[in-house]
Amino acid sequence: MSDFSLSLNEDQITIQKWVHDFAETIVRPAAEEWDEREEFPWPIVQEAAQIGLYGFDFMAQAMLGDSTGLTMPVAMEELFWGDAGIGLSIFGSGLAAAGIAGNGTPEQVMEWVPQCYGTPDDVKLGAFCVSEPDAGSDVSGLRTTAIYDEAKDEWVLNGTKAWITNGGIANIHVVVASVDRELKGRGQASFIIPPGTPGISMGQKYKKHGIKASHTSEVVLEDCRVPGACLLGGKEKLDEKLARAREALTNPKKATSGKQPAMATFEATRPAVAAMAVGIARAAYEYSLDYAKERQAFGKPIIMNQSIAFMLANMATQIDAARLLVWRAAYLANNGGYTNAYGSMSKLYAGRTAVWVTERAIQILGGYGYTREYPVERWHRDSKIMDIFEGTEQIQELVISRAISGLRIE
Ligand SMILES: Cc1cc2nc3c(=O)[nH]c(=O)nc-3n(C[C@H](O)[C@H](O)[C@H](O)COP(=O)(O)OP(=O)(O)OC[C@H]3O[C@@H](n4cnc5c(N)ncnc54)[C@H](O)[C@@H]3O)c2cc1C
């Protein structure tokens with residue numbers, strides 16, 4: 001247990017400054033180029049690996065070595081203040097790492113998570129593959145199947161995954177598949193697809209509205225065979241879970257709240273994703289505040305008009321409110337008392353704040369704000385994903401409304 005405090009400790013201040021320096025000197029100057037190129041920014045990710053920001057050790061330190069839980073959101077806010085597309089290219093492997101940590105045994109975590117990062121001289125990537133063309137929010141409807149071949153102790157996976165960050169270019173793909181479709185979410189399990197496995201390939205690469213530096217693709221699985229040991233958590237645990245779920249089908253009174261593997265991961269990563277949204281919003285707010293003090297109209301700086309100054313006042317207030325929700329969720333996740341609603345509140349509010357603040361920033365910059373000469377239009381494009389991935393706005397509302405009402409709101 002650690003006391004909740006609004007002051008960061010010395011380690012966190014050091015990490016905050018370190019990530020900020022990297023974001024300011026390396027990430028932000030490269031942002032426009034990689035947005036235009038719409039390609040994965042390998043040189044920047046390699047630089048992040050060289051300084052230790054991209055890698056297993058940093059993730060382990062930020063996620064496990066910090067009792068307050070605030071280190072990860074603090075780091076994410078700074079990184080995404082630099083640029084969201086590059087930020088996600090650096091953080092994307094963390095989704096796969098969280099998928100492994102949330103569902104794997106300690107041995108599986110030690111074997112596979114480092115392989116999601118490689119080494120500073122040989123950078124590798126991880127991808128977390130849940131969504132499908134016909135199942136995004138409705139994770140219980142996954143169609144990708146995993147069938148056990150007992151004779152060979154192998155799992156055979158078939159299906160198509162959609163919108164996968166680092167999909168097809170990753171070394172390690174963590175795939176959530178259905179072992180028993182009748183059991184919906186409770187019949188699913190997570191699998192590691194090791195590097196070089198035949199039967200996994202990249203489908204289309206999506207052209208996106210924002211975060212264009214981040215690679216997003218389909219992942220196609222065609223009779224993709226993996227060893228039995230690639231089932232995260234192990235066969236015995238899965239068999240027990242399936243037996244419990246089947247019993248619950250026939251006798252609903254005995255239903256237990258067994259976690260769906262995908263949901264367990266998303267719940268853990270939501271505050272970190274919300275912190276990314278805070279970073280984008282802060283970038284736009286700081287930029288438009290400076291601009292409003294400089295830009296003259298009708299013989300005075302535009303900030304001297306209440307309509308502009310109040311807009312900035314509201315931007316600052318919403319950003320602080322979003323950060324407080326993020327810190328509360330991250331703190332409680334590490335110290336007990338966390339409920340899904342806290343993570344969802346932080347993601348819901350931070351996502352909306354990023355979209356609203358970046359749109360207002362364009363307004364403050366006027367015609368310049370609408371052009372690609374200035375970064376605010378890019379920040380606005382980048383912000384919208386924060387309302388969509390890791391659970392849409394409406395899905396966060398669903399989680400919160402169920403938590404506050406105790407009812408199965410649909
Ligand atoms: C850039 C990008 C990167 C991504 N990266 C990954 C990744 O790495 N791994 C991964 O697995 N997925 C990833 N995704 C997928 C993302 O998580 C899904 O797009 C998201 O969960 C929404 O699913 P959907 O697109 O199928 O929308 P749908 O579920 O079809 O939703 C469409 C609309 O209906 C609403 N809606 C749906 N159900 C309800 C309901 N019950 N009540 C009210 N409204 C509802 C939604 O809120 C939304 O507005 C990524 C997506 C993008 C765009």
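Counting convention: from 1, in listed order, for ligands and their atoms alike. Since this is a predicted model, take the numbers as computed values, not measurements.
Checking Q204 against S217 by side-chain atom types alone, no donor-acceptor pair falls below 3.5 Å. Between the side chains of S140 and D138, a donor-acceptor pair is found at a separation under 3.5 Å.
Geometrically, ligand 1 and E132 share no nitrogen or oxygen pair separated by less than 3.5 Å. At a 3.5 angstrom cut-off on N or O pairs, T216 does not count as close to ligand 1. Note: no N/O pair closer than 3.5 Å links D138 and ligand 1 by distance alone. Checked by distance only, ligand 1 and F128 come closer than 3.5 Å through their nitrogen or oxygen atoms. On a distance-only criterion, V130 and ligand 1 share at least one N/O pair closer than 3.5 Å. Between K208 and ligand 1, no N or O atom pair is found at a separation short of 3.5 Å.
Separation of atoms CD1 (I388) and NE2 (H209) is listed at 8.0 Å; rounding is to 0.5 Å.
Taking the charged nitrogens against the carboxylate oxygens, R225 and E154 do have a contact shorter than 4.0 Å, which makes a salt bridge.
Of the candidates S131, G99, S137, it is S131 that places a heavy atom closest to atom 15 (C) of ligand 1. Residue I395 holds the heavy atom nearest to atom 39 (C) of ligand 1 of all those in I395, T392, T165. Taking all heavy atoms of I388, N166, V174 into account, the minimum distance to atom 20 (C) of ligand 1 is reached by I388. Within the set H215, Q394, E397, the minimum heavy-atom distance to atom 47 (O) of ligand 1 is found for Q394.
Of the options L348, T339, N340, a side chain to side chain contact (heavy atoms under 4.5 Å, CB included) to I400 is made by L348 and by none of the others.
The distance from ligand 1 to the heavy atoms of I385 drops below 4.0 Å at these ligand atoms: 1 (C), 2 (C), 52 (C), 53 (C). Set against the non-hydrogen atoms of I211, the atoms of ligand 1 under 4.0 Å away are 1 (C).
Classified by interplanar angle (parallel below 30°, tilted 30° to 60°, perpendicular above 60°), the ring pair Y374/Y291 is perpendicular. Ring-plane geometry between W155 and Y148 is classed as tilted, the angle between the planes lying from 30 to 60 degrees on a 0 to 90 degree scale.
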>> With salt bridge (Lys or Arg N to Asp or Glu O under 4.0 Å) as the criterion, how do K124 and D122 come out once you've worked through the C-alpha distance, each side chain's angles and the decisive distance to 0.1 Å?
In response: CA-CA 7 Å; K124 304 287 187 206; D122 185 15; 3.4 Å; yes
